[in-house]
Amino acid sequence: MAGYRDDDPYGPYGQHPQQYPPPAPQPHPQPHPEPYADPYAAAPQPQPYPYAEPAPPPAPAPPPPKLHWKDLLAGILFRPSATFWQMRDYSMWGPALVVTFLYGLVAVFGLDSARDSILDTTTSTLIPYLAVTGVAMVLGALLLGTVTHNLARQFGGNGLWAPTTGLAMLIMTLTDLPRLAVALFLGGAAPVVQVLGWATWLFAGVLFTMMVSRSHEIAWPRALAASAIQLLAILALVKLGTL
């Protein structure tokens with residue numbers, strides 16, 4: 001047997017090896033899309049910027065305008081709740097001082113004993129007496145209004161001194177005008193004057209309580225307690241002097 005070579009294509013037995021074609025490459029199977037799949041369902045959603053600035057808070061509403069002195073005086077008697085809300089941030093020294101001074105000039109004529117002594121004096125003596133009475137009434141009302149304001153702050157109120165004191169002075173004088181007008185003609189001892197005195201004093205108590213409650217944002221029992229000293233002073237100095 002002849003020698004075998006490694007490079008002999010027929011092999012050691014002289015036979016030609018059978019040739020097989022190489023297998024064809026198989027394509028990778030592709031997933032079939034779902035017949036009803038939303039092509040935009042898997043789309044990435046835009047993410048908000050993590051460091052975006054927050055929206056600024058809305059600007060507070062501007063306060064209502066200040067009332068004219070005529071609307072202020074009428075509002076205290078006929079629209080007290082809305083008037084006290086609207087004027088809780090405004091001072092009203094002009095109307096408060098003028099009305100209280102004029103009230104002090106006329107209030108002495110509502111007292112029987114004081115009216116008789118005034119009518120017997122001369123004009124040169126009467127004018128200084130009335131001026132001093134008006135100034136004393138202004139100072140007394142200013143002091144009582146300040147006491148009411150300080151008590152309201154002690155009870156948890158947050159109101160301002162000037163609006164509270166000015167409204168207190170106006171309430172003190174305006175509510176006593178009906179009694180004073182009748183007392184000028186009938187005298188302070190007349191029964192109708194006495195009834196008006198108690199009725200206007202109770203009305204003043206309602207207005208004081210409402211004003212302090214609105215101006216200082218406290219409950220009405222605390223507002224009434226803050227007004228108690230001023231109400232007692234009005235009763236002792238003005239009302240009881242005619243009863």
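Note that these values count all heavy atoms, side chains included, but never hydrogens, waters or copies made by symmetry.
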Considering all heavy atoms, the nearest [X]-[Y] contact:
X      : Y      : value
Thr175 : Ala204 : OG1-CB, 3.5 Å
Ala226 : Ala152 : CB-N, 3.7 Å
Val106 : Leu184 : CG1-CD1, 3.8 Å
Ser213 : Ile218 : OG-O, 2.8 Å
Leu151 : Ala225 : CD1-O, 4.4 Å

Student check: side-chain heavy atoms of [X] and [Y] closer than 4.5 Å:
X      : Y      : value
Leu167 : Val212 : no
Met172 : Thr100 : no
Leu97  : Met169 : yes
Ile229 : Thr148 : no
Ile171 : Phe84  : yes
Pro163 : His149 : no
Met211 : Pro80  : no
Trp198 : Leu235 : yes

Distance, nearest 0.5 Å, that separates [atom1] of [X] from [atom2] of [Y]:
X      : Y      : atom1 : atom2 : value
Leu77  : Leu177 : CG    : CG    : 8.0 Å
Leu224 : Thr209 : CG    : OG1   : 4.0 Å
Thr83  : Leu207 : OG1   : CG    : 10.0 Å
Ser91  : Lys66  : OG    : NZ    : 4.5 Å
Phe203 : Leu174 : CZ    : CG    : 9.5 Å
Gln194 : Leu186 : CD    : CG    : 11.5 Å

N/O donor-acceptor pair under 3.5 Å between [X] side chain and [Y] backbone:
X      : Y      : result
Arg153 : Gly157 : yes
Trp85  : Ser215 : no
Glu217 : Asn158 : no
Arg222 : Gly156 : no
Asn150 : Thr146 : yes

Could you please spell out the steps behind the side chain to side chain contact (heavy atoms under 4.5 Å, CB included) verdict for Leu72 and Leu170? CA-CA 10 Å; Leu72 172 63; Leu170 290 175; 3.8 Å; yes
Cluster question for you: counting only ILVMFWY and a side-chain heavy-atom cut-off of under 4.5 Å, with indirect links fine, are [X] and [Y] together?
X      : Y      : result
Tyr90  : Val99  : yes
Met210 : Leu73  : yes
Val135 : Leu102 : yes
Met137 : Val147 : no

Applying side chain to side chain contact (heavy atoms under 4.5 Å, CB included), run through Arg179 and Asp176 and close with a yes or a no. CA-CA 6 Å; Arg179 181 203 64 83; Asp176 194 50; 2.6 Å; yes
Tell me, with the steps shown, if Ile234 and Phe208 meet side chain to side chain contact (heavy atoms under 4.5 Å, CB included). CA-CA 12 Å; Ile234 294 173; Phe208 272 118; 3.8 Å; yes
Hey, which of Thr173, Val138, Thr133, Val98 is the one that makes side chain to side chain contact (heavy atoms under 4.5 Å, CB included) with Tyr103?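 Running side chain to side chain contact (heavy atoms under 4.5 Å, CB included) over Thr173, Val138, Thr133, Val98 with Tyr103 returns exactly one hit, Thr173.
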Ring centres under 6.0 Å, that's the criterion: do Trp161 and Trp93 meet it?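 That pair passes the under 6.0 Å test.
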List the steps and the verdict of side chain to side chain contact (heavy atoms under 4.5 Å, CB included) for His216 and Thr164. CA-CA 8 Å; His216 288 264; Thr164 303; 3.1 Å; yes
Just checking Trp220: does its CH2 atom have more than 12 heavy atoms from other residues, nucleotides or ligands closer to it than 6.0 angstrom?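 Counting neighbours around CH2 of Trp220, 12 or fewer heavy atoms of other residues, nucleotides or ligands fall under 6.0 Å, so no.
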